[in-house]
Amino acid sequence: MEGKLFAPVALTIIMALASSLLIAFTIVPALASLALQPEGGHEPVVMQKIHVAYVRLRDFIWRKPKWLYLASLVSLILAAVLYSLVGKTFMPTMDEGDLIIGVEKLLWLEGETQSS
């Protein structure tokens, strides 16, 4: 039942990712080479500040790697706790007009006869 619902969605996502990858490697570089100026430019002020903060954080982590291990462990534990709280029965009801046939076998005990 789940395959009927999620297989088309998964196929659509795969096709979208494949086509976006093709476009990213072919069309975007060609258009960028036509649109961008050859002399280059400068980085925006916001990106300069983000880069400075990133370099400070990176240097701190390289000097004290225990902080990185601690943050990774806390993140892993938090992710495990949140995963356990998420509902796992997301399956919408489907009424497509299909027939569902279930086969059951009656078990008779030895010596017992079928009575009507």
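Quick note: residue numbers are just sequence positions, from 1.
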Give, for atom CG of Leu31 and atom OG1 of Thr26, the distance between the pair rounded to the nearest 0.5 Å. 9.0 Å

Side-chain heavy atoms under 4.5 angstrom apart, residues restricted to Ile, Leu, Val, Met, Phe, Trp, Tyr: same cluster for Leu68 and Trp62? no

Extract all donor-acceptor atom pairs below 3.5 Å that involve side chains of residues 45-59 and protein atoms in other chains or at least two apart in sequence.
residue : atom : partner : partner atom : Å
Gln48   : NE2  : Glu43   : O            : 3.2

Linked hydrophobic residues, Tyr69 as query - side chain contacts closer than 4.5 Å: none

May I have the list of side-chain donor-acceptor pairs in residues 6-24 shorter than 3.5 Å, sequence neighbours left out?
residue : atom : partner : partner atom : Å
Thr12   : OG1  : Pro8    : O            : 2.8
Ser19   : OG   : Met15   : O            : 3.1
Ser19   : OG   : Ala16   : O            : 3.0
Ser20   : OG   : Ala16   : O            : 3.2
Ser20   : OG   : Leu17   : O            : 2.9

